[in-house]
Structures are given as structure tokens and as C-alpha cells.
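Written below as C-alpha cells is the structure these notes are about.
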Amino acid sequence: GSHEVGHTVGLLHDGTATEGYFGGHGTGAGSWAPIMGVGYYKDIVQWSKGDYTGANNTQDDLSVIATFLPVVADEFGGSTSSATVVNGLSAEVGGIISSATDVDTIKFKSGRGNLVITPKVALSSPNLRLQIRVLGPTGTVLGTYVGDGTVGNMAPGPITINLATEDFYYIQLEGIANGTGTTDGYPKYASTGFYSFNATWQPLGNRPPVANTTLSATTTYDYQAEPTARVNFNGTLSMDTDCLLYTSDAADDLTRV
């Protein structure tokens with residue numbers, strides 16, 4: 001379908017000196033073919049500008065398409081200074097990486113604890129291989145996560161990262177290459193398309209601790225017959241809900257009085 005639409009907006013066939021329709025190159029994660037070639041037998045099929053070895057057509061597909069159909073407006077800011085702010089403790093975000101230079105940046109304020117992100121891209125005929133970076137308050141990269149580059153896995157798997165301080169953080173998304181695109185894989189050029197993700201993070205402020213004590217031993221006693229007995233409890237499982245373990249003594253004594 002994309003191939004025939006390509007013809008209606010002025011695109012020619014992608015081939016080589018010996019192939020009218022280039023059948024693609026590479027295997028596994030490097031499996032690729034151009035939309036304007038023949039892509040039935042390759043996992044990833046994208047627009048092209050003739051970067052592969054032996055190309056007989058160097059049309060810039062995306063530039064030609066843009067002369068007929070405008071590129072969608074960018075939904076999100078591209079940097080930490082222009083990031084789109086999301087309020088609350090969660091986000092359901094959808095967007096489009098529309099070009100090799102398009103970067104979408106989301107800004108949020110989180111308390112200390114885990115940030116959890118579940119990303120997705122198209123499962124059928126994906127063009128976009130998605131990269132997600134989590135940035136700290138000053139723009140430092142805290143983690144980089146990528147899809148492995150195969151159909152069904154063009155988005156990273158579920159992400160969990162611990163945020164150490166209460167502050168503003170950023171989720172940054174862009175399309176990436178897979179290989180060089182000359183004899184296997186594809187360049188960043190047409191790693192574009194839809195994505196979505198769900199994310200949750202921690203509330204702000206210092207929250208009360210959670211006490212968790214257990215008997216140090218399974219000893220039983222009769223508190224009426226043994227009113228002065230001492231019972232040992234282990235409190236090492238007590239937790240500060242801001243993700244800091246207590247450093248209290250391993251055992252505390254409780255005496256019935």
C-alpha cells in the first residue's frame with residue numbers, strides 16, 4: 001500500500017543495476033528493504049534515499065513526499081529547555097517521530113523512587129526503531145533504552161529506573177538507525193513513525209515510614225504465666241517509603257509491663 005501511494009506522490013522504483021526492484025539486504029535485526037523496492041521478504045521496510053550499496057535511485061523519498069503532503073506538526077518540544085510539561089503522577093503519551101532530526105521531550109516532576117515506562121510502536125510493518133533516554137534535572141543521561149530492531153521489538157521493553165532525588169526529570173524519544181544501511185540494516189533517515197508510552201513516577205514530599213517487624217525466633221510463651229519474659233523482634237525489613245532503608249538496630253526488645 002505504501003509503495004503505490006509513493007508512486008502517486010512522485011516516487012520511482014528503488015533498484016540496482018541488476019534489479020528493477022531491490023529486494024533488500026541483511027538478516028535478523030539487519031533485515032531491511034526499501035518501500036519503493038520489493039519488501040515482502042524483509043522484516044523492516046522503510047522509505048529510502050539510496051543509501052544502500054548499488055542503488056540506482058537516490059531520490060530523497062521523504063523530501064519528495066513533503067512536496068505533496070505536509071509533515072505533521074511536532075507535538076512536543078525537542079530539548080530540555082523546550083520540553084512539554086506533564087503534571088501529576090502518570091502520563092499516557094502518543095506521538096510521531098517525523099524525521100531523522102525529530103526528538104520529543106517530556107518533562108515531569110517526581111519524588112524519590114521508581115520511574116516506570118512501558119513503550120510501544122507499531123507491531124505490524126513498523127518503520128520506527130525507538131530509543132528512549134531518561135535525563136536528570138541538569139540533562140545528564142541516566143539511562144538509554146532501545147528496541148532490538150526486529151518486528152514486534154522496535155520499542156524498548158518495559159523500563160524501571162530509580163530516581164534518587166525529588167526534582168524535574170525528562171523522557172526523550174527519537175528514532176535510531178540499525179547498522180549502516182549500506183549492506184545491512186538501515187540509517188536513521190527513515191526510522192520514523194508512531195509511538196506511545198505509559199509512565200508512572202513517585203509523589204513529592206517526605207512520606208511516613210513503614211514499620212515491618214517480625215519475631216527473631218519462633219519461640220512461644222505464655223504472657224500471663226511469664227509476665228517478665230522478653231521477646232525479640234527483627235525490624236530490618238522496615239522501609240522508608242522514599243526508598244531509604246532504616247539503619248536501626250537489627251533487633252529491638254519488647255518487655256511486657
Side-chain angles (χ1 to χ4, degrees), residues 1-12 14 32 34-36 39 44-51 58-110 115 117-135 137 139 141 144-147 149 151 154-156 159 168-178 181 186-201:
S2 297
H3 179 108
E4 298 307 331
V5 170
H7 282 313
T8 69
V9 293
L11 298 183
L12 305 176
D14 287 328
W32 175 91
I35 290 173
M36 297 311 293
I44 306 301
V45 185
Q46 296 176 333
W47 302 112
S48 172
K49 57 185 179 73
D51 288 320
T58 56
Q59 270 187 314
D60 184 333
D61 288 357
L62 295 179
S63 293
V64 173
I65 293 170
T67 65
F68 290 82
L69 303 170
V71 176
V72 295
D74 197 6
E75 312 97 322
F76 303 106
S79 66
T80 56
S81 61
S82 63
T84 301
V85 177
V86 175
N87 295 310
L89 298 177
S90 64
E92 294 184 5
V93 176
I96 299 172
I97 300 300
S98 59
S99 72
T101 59
D102 187 17
V103 178
D104 288 353
T105 307
I106 312 299
K107 180 179 182 180
F108 62 96
K109 191 169 188 180
S110 174
L115 165 66
I117 307 170
T118 305
K120 296 180 180 179
V121 300
L123 295 178
S124 177
S125 301
N127 299 154
L128 173 65
R129 184 186 184 203
L130 184 65
Q131 173 182 278
I132 294 179
R133 294 191 298 176
V134 177
L135 309 182
V141 177
T144 300
Y145 311 89
V146 300
V151 171
M154 295 289 272
I159 298 163
F168 283 103
Y169 292 88
Y170 305 88
I171 299 172
Q172 201 165 69
L173 308 101
E174 63 183 302
I176 59 172
N178 196 355
Y186 43 89
K188 188 176 180 179
Y189 165 75
S191 189
T192 60
F194 289 96
Y195 68 83
S196 67
F197 69 86
N198 297 327
T200 59
W201 50 88

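Position 1 is the first residue of the sequence, and the numbers go up from there.
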Report, one line per pair, each donor and acceptor closer than 3.5 Å where one atom sits in a side chain of residues 193-201; sequence neighbours left out.
from	atom 1	to	atom 2	distance (Å)
Tyr195	OH	Asp104	OD2	2.7
Trp201	NE1	Gly88	O	2.9
Trp201	NE1	Lys109	O	3.3

Drop me the distance from [X]'s [atom1] to [Y]'s [atom2], to the nearest 0.5 angstrom.
X: Ile159; Y: Ile132; atom1: CD1; atom2: CD1; value: 4.0 Å
X: Thr118; Y: Glu92; atom1: OG1; atom2: CD; value: 10.5 Å
X: Thr144; Y: Leu135; atom1: OG1; atom2: CG; value: 8.0 Å
X: Leu128; Y: Leu173; atom1: CG; atom2: CG; value: 9.0 Å
X: Tyr186; Y: Ser48; atom1: OH; atom2: OG; value: 13.5 Å
X: Phe168; Y: Ser110; atom1: CZ; atom2: OG; value: 11.0 Å

Exercise: identify the closest heavy-atom pair between [X] and [Y]:
X: Gln46; Y: Asn127; answer: NE2-O, 2.6 Å
X: Leu130; Y: Val121; answer: CB-CG1, 3.9 Å
X: Pro126; Y: Ala122; answer: CB-O, 3.2 Å
X: Gly77; Y: Thr84; answer: N-OG1, 3.3 Å
X: Val103; Y: Asp74; answer: O-OD2, 4.5 Å
X: Thr8; Y: Phe68; answer: O-CE2, 4.4 Å

Within the 4.5 Å heavy-atom criterion, are [X] and [Y] side-chain neighbours or not?
X: Val146; Y: Ile176; answer: yes
X: Met36; Y: His3; answer: yes
X: Ile44; Y: Met154; answer: yes
X: Glu75; Y: Ile96; answer: yes
X: Phe108; Y: Leu115; answer: yes
X: Ile171; Y: Val93; answer: no
X: Asp102; Y: Thr192; answer: no
X: Tyr169; Y: Pro137; answer: yes

Test of understanding: with salt bridge (Lys or Arg N to Asp or Glu O under 4.0 Å), list the residues that count as partners of Lys188, not counting sequence neighbours.
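Per chain and number, Lys188 pairs via salt bridge (Lys or Arg N to Asp or Glu O under 4.0 Å) with Glu174.
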Set of residues satisfying salt bridge (Lys or Arg N to Asp or Glu O under 4.0 Å) with respect to Asp60, sequence neighbours excluded:
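In terms of salt bridge (Lys or Arg N to Asp or Glu O under 4.0 Å), with neighbours along the sequence ignored, Asp60 is linked to no residue.
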Flag, side chain of Ser191 to backbone of Arg129, donor-acceptor distance under 3.5 Å
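Indeed, once roles are kept as given, a pair shorter than 3.5 Å links the two residues.
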